[in-house]
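Worksheet for the structure shown next.
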Number of protein chains: 4
Amino acid sequence: MIRFECDYTEGAHERIMQQLLKTNEEQTPGYSMDEHCEKARAYIRKACHAENADIHFLVGGTQTNTTIIASILRPHQGAVAAVTGHIAVHETGAIEATGHKVLTLPSDDGKILAEQVKEFYDAHWNDVNHEHMVQPGLVYISHPTENGTTYSKLELEALSKVCRECGLPLVIDGARLGYGLAAKDSELSLADIARLCDVFYIGGTKIGALFGEAVVIINDALKKDFRYFIKQNGGMLAKGRLLGIQFETLFEDGLYYKISKHAVDMAMMIREVFAEKGFSFRYDSTTNQQFPILPNDVLIKLSEKYSYSFWEKVGDTHSAVRFCTSWATKKENVEMLIKDIEAL
Amino acid sequence: MIRFECDYTEGAHERIMQQLLKTNEEQTPGYSMDEHCEKARAYIRKACHAENADIHFLVGGTQTNTTIIASILRPHQGAVAAVTGHIAVHETGAIEATGHKVLTLPSDDGKILAEQVKEFYDAHWNDVNHEHMVQPGLVYISHPTENGTTYSKLELEALSKVCRECGLPLVIDGARLGYGLAAKDSELSLADIARLCDVFYIGGTKIGALFGEAVVIINDALKKDFRYFIKQNGGMLAKGRLLGIQFETLFEDGLYYKISKHAVDMAMMIREVFAEKGFSFRYDSTTNQQFPILPNDVLIKLSEKYSYSFWEKVGDTHSAVRFCTSWATKKENVEMLIKDIEAL
Amino acid sequence: MIRFECDYTEGAHERIMQQLLKTNEEQTPGYSMDEHCEKARAYIRKACHAENADIHFLVGGTQTNTTIIASILRPHQGAVAAVTGHIAVHETGAIEATGHKVLTLPSDDGKILAEQVKEFYDAHWNDVNHEHMVQPGLVYISHPTENGTTYSKLELEALSKVCRECGLPLVIDGARLGYGLAAKDSELSLADIARLCDVFYIGGTKIGALFGEAVVIINDALKKDFRYFIKQNGGMLAKGRLLGIQFETLFEDGLYYKISKHAVDMAMMIREVFAEKGFSFRYDSTTNQQFPILPNDVLIKLSEKYSYSFWEKVGDTHSAVRFCTSWATKKENVEMLIKDIEAL
Amino acid sequence: MIRFECDYTEGAHERIMQQLLKTNEEQTPGYSMDEHCEKARAYIRKACHAENADIHFLVGGTQTNTTIIASILRPHQGAVAAVTGHIAVHETGAIEATGHKVLTLPSDDGKILAEQVKEFYDAHWNDVNHEHMVQPGLVYISHPTENGTTYSKLELEALSKVCRECGLPLVIDGARLGYGLAAKDSELSLADIARLCDVFYIGGTKIGALFGEAVVIINDALKKDFRYFIKQNGGMLAKGRLLGIQFETLFEDGLYYKISKHAVDMAMMIREVFAEKGFSFRYDSTTNQQFPILPNDVLIKLSEKYSYSFWEKVGDTHSAVRFCTSWATKKENVEMLIKDIEAL
């Protein structure tokens with residue numbers, strides 16, 4: 001079975017594995033107070049053009065979203081998100097478990113736009129019963145989204161402006177951030193992301209690391225006591241240096257970008273062959289996740305050799321599915337897949 | 001100003017006031033352990049044909065919904081409700097504050113149907129990622145709904161059947177239950193309600209009492225330790241006898257039904273005159289809340305003398321509004337309103 | 001049975017009952033937005049010499065404590081309280097249910113002192129692992145305490161000073177505040193209370209009202225969005241005017257003080273006779289709760305005619321019990337009790 | 001600096017590192033649904049003589065405690081623990097953040113005994129106000145404790161018996177379980193642990209792994225939906241195979257026991273030299289943590305070369321400190337420390 005079902009089917013990039021091995025016997029303080037973490041923080045600050053940012057390392061995405069959001073909201077506030085957002089759908093209610101409602105906005109492609117946020121915000125405050133409703137307290141987006149789509153610079157700037165006008169911190173889930181930055185049509189740099197939001201994170205789990213997400217807190221008002229939140233939410237890794245070593249490796253010389261680009265290149269090859277064969281796509285993704293709409297018999301055929309994720313039914317005869325590439329995707333496997341598609 | 005904006009603009013029915021006065025100097029144990037509460041419980045059990053039901057008294061609706069739902073769900077479960085449901089919209093996230101997501105189903109009239117619940121339940125369990133999603137843990141409906149609509153016996157029986165098949169307790173918010181039972185087209189008795197759901201409550205606040213909701217727990221499995229939940233959720237009234245005395249008065253000889261009927265009669269008079277004048281309605285309500293769609297200039301005119309609730313815009317020139325009657329609505333006021341509408 | 005078991009065995013002061021009756025048919029807006037609440041707020045502000053205070057009305061004590069504390073703390077913070085404090089022991093974990101630990105300090109008489117708070121605060125911040133521990137976020141005391149004891153002016157000023165130095169809001173549970181102010185040895189006025197703390201509440205449930213607690217927020221930083229918290233915690237009474245009418249009556253001409261004094265006078269009579277008979281007391285209370293230590297056979301004898309609360313065993317032959325008086329205690333009943341004690 | 005401050009200063013055992021490297025390019029399903037996890041589960045079931053146990057893998061201790069406890073308790077229940085227990089002191093209120101109180105029992109050595117639990121349980125249920133108090137819902141202990149002490153077989157059997165009689169699930173925090181099993185005076189096997197409790201976990205983080213805790217659910221009633229809880233609490237590692245591979249390695253041929261024994265041997269060497277020098281110990285630990293009470297000047301001297309943890313002041317001139325060994329402790333370092341102590 002060749003796996004395209006998700007972007008976390010392998011271990012870590014070999015340079016990370018080597019670095020973990022090399023440092024294995026070092027004795028360091030725990031809880032990310034070691035020198036590897038310090039170095040990784042410095043690399044990330046530099047990459048973000050954000051010398052004053054606070055950088056923290058957590059283990060996984062759900063934990064990171066929960067920790068960030070719980071640290072920002074007061075109890076009567078909720079997180080505004082796309083109805084398809086990860087926190088709205090795929091975290092087993094982790095946000096609600098911290099006491100907060102996810103306030104969903106409609107979205108067909110996974111994105112939410114500045115006007116939607118403004119309209120929702122105004123609707124809340126103009127309602128005479130607003131005290132009986134959850135107050136919008138922050139805006140959460142993913143870049144790229146769950147559907148592989150990305151925000152244009154104009155879109156993100158508009159969203160950022162509205163959020164600042166409304167006093168709503170903008171939080172960006174960057175579990176696949178590298179793949180968004182590496183998209184052919186990407187207009188956003190890491191520094192743009194840092195400039196336009198209040199808190200974001202750089203995903204390691206899906207891009208080269210065994211695990212790990214690097215939280216970047218830009219807004220000074222949101223920095224206080226964040227380590228308490230990490231601990232309370234179970235994200236304070238005893239051997240925190242493992243996170244430091246991994247992000248150090250990813251950011252010391254641009255490995256993160258390079259392997260992200262590889263994944264996107266592989267995804268574009270897959271996209272192209274599906275397009276050439278005349279298949280349409282559920283979402284217009286320029287990143288590592290591709291969502292072709294395929295006849296069910298074709299899918300059965302492909303599943304003998306390849307894994308993919310079922311996304312949704314499209315009529316009685318077709319289904320939208322997801323093919324993921326990653327930093328680890330082997331070109332030979334993509335070429336084999338392409339041949340098999342061409343041969344359909 | 002004559003108030004039709006909601007159904008809690010006055011104090012309590014005079015018989016309740018007299019009873020509170022008469023018993024005022026009695027010394028009783030606290031926390032609803034007194035004889036008035038015991039009598040009220042007996043009356044309610046009898047009215048529900050539910051001799052084994054546990055009856056508890058709480059102060060208000062949000063508190064009651066929260067307490068019931070928190071007592072039933074495990075942390076990874078959510079409450080299935082109409083997207084317009086009170087717990088989904090108008091409780092400032094009280095359910096989420098106890099850690100639970102409200103899982104919303106689309107609804108235009110405030111009701112959710114058996115098929116919707118079944119489909120949602122199946123979709124959850126058929127999803128390969130169901131462990132990453134909030135598990136449906138109970139079904140919450142209001143009868144009548146927020147929109148004044150009611151469930152037919154067939155609808156409620158079907159819903160009850162699906163809930164039992166799926167192992168989902170059915171919870172009925174009866175903040176306006178009396179008005180639902182008194183509707184002309186009502187096919188449901190209190191005993192039907194008790195027979196078809198697992199937990200429900202009988203609203204006093206909006207029907208004759210100063211405040212108070214009587215929770216009726218039918219399902220034995222949901223009875224355990226409920227008083228702990230009342231206390232934890234701030235609903236354990238020190239002078240619990242106040243609740244007992246009120247429900248005793250409402251249920252000793254059918255006062256609850258009689259005053260509910262009065263409110264519905266008044267509402268039907270208002271409905272009729274709006275209909276006669278050719279106005280349409282946002283919802284087809286047979287209970288004490290009426291939702292006419294009126295020209296904005298008419299509304300401005302009416303607001304000089306009457307209060308009502310704005311519901312939503314209908315195009316640029318009209319609005320849907322809510323006129324509420326209650327047990328306390330004076331016929332003379334309704335007649336005055338009718339005259340003023342006829343004179344439009 | 002003549003009841004001395006607690007201070008909530010009767011209904012409300014007759015003037016409150018009359019006022020509820022008189023206003024019963026008035027139509028008012030809901031949720032404490034009515035004129036009675038406004039008047040009550042004005043009276044209370046004046047009584048507190050706190051013209052800028054925000055005043056809110058809630059139903060009961062547990063709900064009020066939870067709402068205040070949840071509105072102040074961030075998720076990683078806890079409430080510092082006496083180990084015997086109401087929030088630590090008798091609220092079925094309502095504070096924990098909002099996500100916060102109660103950080104307890106030892107106390108034999110129900111009070112905590114400035115030095116204890118300072119020491120606890122310093123211990124937290126001096127611990128290298130403080131991020132692994134709950135951060136002290138506010139200080140909660142009761143005046144009078146659960147044990148009937150009161151803070152001297154010196155003690156409260158010292159506590160207030162330490163709290164302000166440490167940035168810890170001081171919250172005073174005043175469920176029995178009137179009885180504390182009416183104590184013979186009381187050095188504190190309502191204005192002192194307001195001056196020395198950040199948030200407190202004036203208990204109505206135990207002092208003349210059917211129910212109701214008036215929250216006074218002095219610290220501007222803690223005022224924001226408090227009504228959302230009331231709603232979320234189930235304390236937003238639909239017929240909020242009931243709270244307004246009661247506090248209006250209690251504070252328009254000093255009724256609150258007068259009836260508090262009555263209770264304390266009655267308690268002192270009871271205290272005196274126990275003392276004269278040579279019995280000692282578990283706590284040195286100058287307020288409406290008295291805690292004599294009595295032989296178990298005496299207690300059995302008394303229980304034929306009077307109710308009291310068991311407090312704790314004292315050796316094999318004696319028990320500490322609680323006799324409560326209240327605004328409603330009849331002098332004739334106290335005199336009868338005294339005679340019966342004298343006759344022992 | 002030679003580190004004895006804690007037992008997580010290095011990476012992982014070399015065999016684990018080799019195994020991670022060897023499997024790095026394998027493609028596996030996510031979320032611990034892979035074959036490595038399956039194998040690890042089989043090894044652990046066998047080691048526990050518990051063929052029907054459910055085994056789950058989580059990342060760290062705080063997360064594991066929180067997940068287990070949240071999965072067991074109803075909202076009005078609390079976890080009974082030693083006042084020094086990890087969940088009571090060092091998890092930044094993670095348990096409270098899930099809504100539950102930690103109900104603490106006094107303990108000088110970190111253990112709680114059967115009689116204490118029974119007495120606490122009886123006191124709750126015999127209190128007339130028990131509904132106003134948090135109900136004991138489970139018992140949490142650590143073996144070995146935070147203080148390095150261990151339960152004897154008699155003690156654990158008695159505790160287990162009381163818990164079963166009271167209907168309180170017994171949860172054992174085994175973050176350092178291997179070191180407890182390897183203690184010279186240990187009378188308990190992994191199978192005994194499994195037999196006597198309802199849920200426990202086998203710590204990997206502190207014993208050979210990069211990270212990871214293996215939860216063993218013995219009690220059938222506590223198995224349902226546990227994976228939802230893992231996800232909600234942020235413990236569902238995307239590349240779950242990392243946990244499987246590590247526990248597979250630790251348990252395929254007894255590596256876990258072997259390296260645990262090494263740590264205890266090293267600790268005994270340190271203990272002996274301190275004892276020989278006439279120093280006393282804060283706790284009588286037979287495991288990998290040793291708590292000598294040393295003169296402050298000696299500590300300053302030692303800190304030039306060695307790290308240790310400050311535990312508590314003992315008078316003005318001495319302090320109790322903690323020296324930890326681990327699976328990774330080098331004998332040469334211990335010998336150097338011993339020489340330096342002897343030379344004092």
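Chain identifiers are assigned alphabetically (A, B, ...) following the order of the sequence lines, protein sequences preceding nucleic acid strands; residue numbering begins at 1 within each chain.
The CD1 atom of D:Ile230 sits 10.0 Å away from atom OG1 of A:Thr92, with the distance rounded to the nearest 0.5 Å. Put simply, CE on D:Met17 and CG on A:Asn24 are 4.5 Å apart, with the number rounded to the nearest 0.5 Å. Within the model, atoms CG of D:Leu255 and CD1 of D:Ile16 stand 6.5 Å from one another, a figure rounded to the nearest 0.5 Å. Here the CD1-NE2 distance, from A:Ile172 to A:His143, works out to 7.5 Å after rounding to the nearest 0.5 Å. Rounded to the nearest 0.5 Å, atoms OG1 (A:Thr66) and CD (A:Glu96) are 9.5 Å apart.
Within 6.0 Å of NZ on D:Lys258 lie no more than 12 heavy atoms contributed by other residues, nucleotides or ligands.
Residue A:Phe57 forms a ring pair (Phe, Tyr, Trp, His ring centres under 6.0 Å) with just one option from A:Phe247, A:Tyr31, A:Phe226, and that option is A:Phe247.
In this structure, A:Asn288 contributes its side chain and A:Cys324 its backbone to no donor-acceptor pair below 3.5 Å. D:Tyr256 places no side-chain N or O within 3.5 Å of a backbone atom of D:Ile207 that could act as its donor or acceptor partner. Under the 3.5 Å distance criterion, the side-chain polar atoms of D:Tyr140 are left unmatched by any main-chain donor or acceptor of D:Asn65. Formation of a donor-acceptor pair under 3.5 Å by the A:Gln246 side chain with backbone atoms of A:Leu210 is found in this model. No donor-acceptor distance shorter than 3.5 angstrom exists from the side chain of D:Tyr201 to the backbone of D:Thr64, with no hydrogens or angles considered.
Neither the backbone nor the side chain of D:Ile95 comes within contact range of chain A; no heavy atom of the residue lies under 4.5 Å from a heavy atom of that chain. Within the 4.5 angstrom heavy-atom criterion, only side-chain atoms of A:Glu5, from C-beta onward, approach chain D. Both the backbone and the side chain of A:Thr205 come within contact range of chain D, with heavy atoms under 4.5 Å apart. For A:Ala209, the part lying under 4.5 angstrom from a heavy atom of chain D is the backbone only. For chain D, no part of A:Phe4 is nearby; none of its heavy atoms comes within less than 4.5 Å.
No side-chain heavy atom of A:Ser326 sits under 4.5 Å from any side-chain heavy atom of A:Met266.
Taking each heavy atom of A:Ile87 and A:Ala81 in turn, the nearest pair found is CD1-CB, 4.0 Å. Taking both residues in full, the closest heavy atoms of A:Gly180 and A:Thr287 are given as CA-CG2, 3.9 Å, listed atom of the first, atom of the second, then distance.
Sorted by first and then second residue, the salt bridge (charged side-chain N to carboxylate O under 4.0 Å, His left out) pairs involving residues 12-25 of chain A (not counting sequence neighbours) are A:Arg15-A:Glu252, A:Arg15-A:Asp253, A:Glu25-D:Lys330.
Interface remark: of the candidates A:Ala328, A:Gly93, A:Ser307, A:Gly93 forms the most heavy-atom pairs closer than 4.5 Å to chain D. Ranked by non-hydrogen atom pairs under 4.5 Å with chain A, the options D:His90, D:Glu26, D:Gln63, D:Gln232 are led by D:Gln232. For the options A:Asn233, A:Thr28, A:Thr62, A:Leu20, heavy-atom pairs under 4.5 Å to chain D are most numerous at A:Thr28.
Within residues 235-244 of chain D, the residues having any heavy atom closer than 4.5 Å to a heavy atom of chain A are D:Leu237, D:Ala238, D:Lys239, D:Arg241, D:Leu242, listed by residue number. Applying a 4.5 Å heavy-atom cutoff, none of the residues of residues 67-79 of chain D approach chain A. Residues of residues 6-13 of chain A lying under 4.5 angstrom from chain D, judged on non-hydrogen atoms, are A:Tyr8, A:Thr9, A:Glu10, A:Gly11, A:Ala12 in numerical order.
The aromatic ring centres of A:Phe211 and D:Phe211 sit less than 6.0 Å apart.
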